[in-house]
Amino acid sequence: MSQVTVLVGAQWGDEGKGKVIDILTENVQYVVRYQGGNNAGHTVVIDDNKYILHLIPSGILHAKKICVIGNGVVVDPKALIEEIDFLKEKGIDVDGRLKVSDKAHVIMPYHRKLDALRELKKNGRIGTTKRGIGPCYSDKASRSGIRMGDFFDAGYFRSILEENVEEKNALFKDFYGETGFSADDIFNEYMKYFERLKQYVCDTVSLLDKAYRRGESILCEGAQGTFLDVDHGTYPYVTSSNPTAGGACIGAGIGPSRIGRVLGVVKAYTTRVGEGPFPTEFRSELKDKIREKGGEFGATTGRPRRCGWFDAVLVKNSVDINGIDSVVITKLDVLDEQDVIKICVAYKYKGDLYDCIPGLPGFLDNCEPVYEDHPGWLKDTSAITSYSDLPPNGKKYLTRIKELIGSDIMLVSVGKNRKQTFACKNA
Ligand code: IMP
């Protein structure tokens with residue numbers, strides 16, 4: 001294992017990163033979240049216990065691992081405290097192992113309200129999680145945001161809070177016809193949160209640099225997925241951060257020359273939550289069948305996920321954008337009952353074939369997926385523990401995916417539990 005590994009979702013998120021991170025964590029000392037906020041939901045099942053984590057890296061479930069919420073993450077302090085309390089109730093030791101960047105931006109009540117109001121107003125809704133993610137990143141970019149470290153100076157926090165509340169209240173009142181917020185109330189509420197959280201807040205860039213120089217290994221975990229990236233995703237139907245591998249350098253403060261390996265997590269089919277184009281989306285009764293079998297309901301909002309065939313154009317582009325060295329294929333078992341399995345190998349648009357995703361308005365909405373048909377394996381794979389036991393058509397499916405996306409397959413997952421995973425050197 002490289003000293004610094006970045007793990008990304010290669011599709012639209014929900015690829016099953018939580019389980020993979022959990023497995024890889026065995027071999028690292030530090031696990032770092034580098035972007036997003038509590039819009040994410042990483043599900044980990046250990047001995048029939050299910051943990052859904054939104055902000056804290058799932059590495060926290062392993063004793064002694066240090067878990068870092070990097071500067072690129074947006075932190076909702078109330079949600080973070082709830083998650084800490086949930087873990088403590090489960091008997092998990094958090095204090096001393098959780099570190100939160102003093103440069104991470106803070107989600108404020110007006111961010112959540114703005115997110116919800118924008119969703120109501122917009123004609124082409126994004127279908128956000130309404131956690132205030134977009135408005136918080138907007139304030140970060142417009143240099144009016146509040147950072148975790150700002151709470152150490154209550155006077156400074158109060159002054160930027162007042163400026164923000166004044167500006168946002170005018171927007172709520174004049175544009176949305178809504179009531180605004182009291183700076184006093186927010187100040188008191190957030191200073192209480194800070195009292196709880198201050199023990200975790202530190203300079204995580206220097207913490208990680210020291211760990212790197214000591215030769216310790218670091219796993220950077222991306223939330224969401226490549227095509228929800230604000231730069232490389234299906235804009236504007238994206239989140240407001242950079243889940244791609246490059247985002248790890250910025251959001252964890254680890255320079256590119258220190259990243260040794262990039263792993264992609266890829267579902268054996270495709271899903272997406274929220275609005276936006278999805279060329280291979282099922283139009284038939286398959287959409288309910290796969291959703292049920294795959295348990296495709298959002299870990300954060302409970303929303304049903306949209307489901308579709310494996311899109312090799314999408315994943316090949318993801319391999320390129322992220323510089324993925326190898327992938328983990330998840331949820332192969334969900335396809336066990338399909339007699340024919342389709343893979344999208346190109347997009348047809350206005351008579352031309354494409355193996356890329358140009359930024360033309362409406363391209364992905366109007367392109368036609370070009371499919372290859374593959375015979376299914378029609379056997380239960382959920383108890384398989386070795387690649388050699390996979391039915392021949394299962395092996396052929398993986399081999400074809402490998403060829404099309406141009407990346408090795410490192411592991412295959414056939415169920416929620418850690419043990420339902422096997423290595424895949426030969427595909
Ligand atoms: P936001 O991140 O809440 O602003 O939502 C923007 C888009 O990203 C919406 O389509 C959400 O459904 C999607 N999204 C955000 N977080 C996740 C996630 O963890 N998994 C899948 N989709 C997500």
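When a ligand or atom number is given, it counts from 1 through the structure's own listing order. This structure is a prediction, so every number in the text was calculated from the model and none was measured.
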[X] N/O to ligand 1 N/O under 3.5 Å:
{"X": "T239", "result": "yes"}
{"X": "K130", "result": "no"}
{"X": "N39", "result": "yes"}

Which atom pair, heavy atoms only, marks the closest approach of [X] to [Y]?
{"X": "L114", "Y": "P135", "result": "CB-CG, 3.9 Å"}
{"X": "V265", "Y": "E15", "result": "O-CG, 3.3 Å"}
{"X": "Y34", "Y": "L7", "result": "OH-O, 4.1 Å"}
{"X": "G16", "Y": "T330", "result": "O-CG2, 4.4 Å"}
{"X": "T128", "Y": "E119", "result": "N-OE1, 3.2 Å"}

(Q) Students often mix this up, so state it plainly: with edges at 30° and 60°, are the rings of F172 and Y176 parallel, tilted or perpendicular? (A) tilted

Q: Classify the angle between the aromatic ring planes of W377 and Y397 as parallel (below 30°), tilted (30 to 60°) or perpendicular (above 60°).
A: tilted

Return the residue, atom name and 0.1 Å-rounded distance of the protein heavy atom closest to [atom].
{"atom": "atom 3 (O) of ligand 1", "result": "T129 OG1, 2.6 Å"}
{"atom": "atom 6 (C) of ligand 1", "result": "V238 O, 3.3 Å"}
{"atom": "atom 14 (N) of ligand 1", "result": "L228 CD1, 3.8 Å"}
{"atom": "atom 5 (O) of ligand 1", "result": "T128 CA, 3.3 Å"}

**Q.** Non-hydrogen atom of R131 closer than 4.0 Å to ligand 1
**A.** no

Q.
I'd like to know whether ligand 1 has T301 as a neighbour, heavy-atom separation below 4.0 Å.
A. no

Q) Under 6.0 Å between ring centres, would you say that holds for Y156 and F151? A) no

For [X], atoms of ligand 1 separated by under 4.0 Å from a heavy atom:
{"X": "V273", "answer": "10 (O), 12 (O), 21 (C)"}
{"X": "G127", "answer": "9 (C), 10 (O), 11 (C), 12 (O)"}
{"X": "Q224", "answer": "15 (C), 16 (N), 17 (C), 18 (C), 19 (O)"}
{"X": "D14", "answer": "20 (N), 21 (C)"}
{"X": "R303", "answer": "11 (C), 12 (O)"}
{"X": "W12", "answer": "21 (C), 22 (N)"}

Q) Salt bridge check: are E82 and K78 linked by an N-O gap of less than 4.0 Å? A) yes

Q) Can K113 be said to sit on top of F181's aromatic six-ring, NZ or CZ under 6.0 Å from centre and within 45° of the ring axis? A) yes

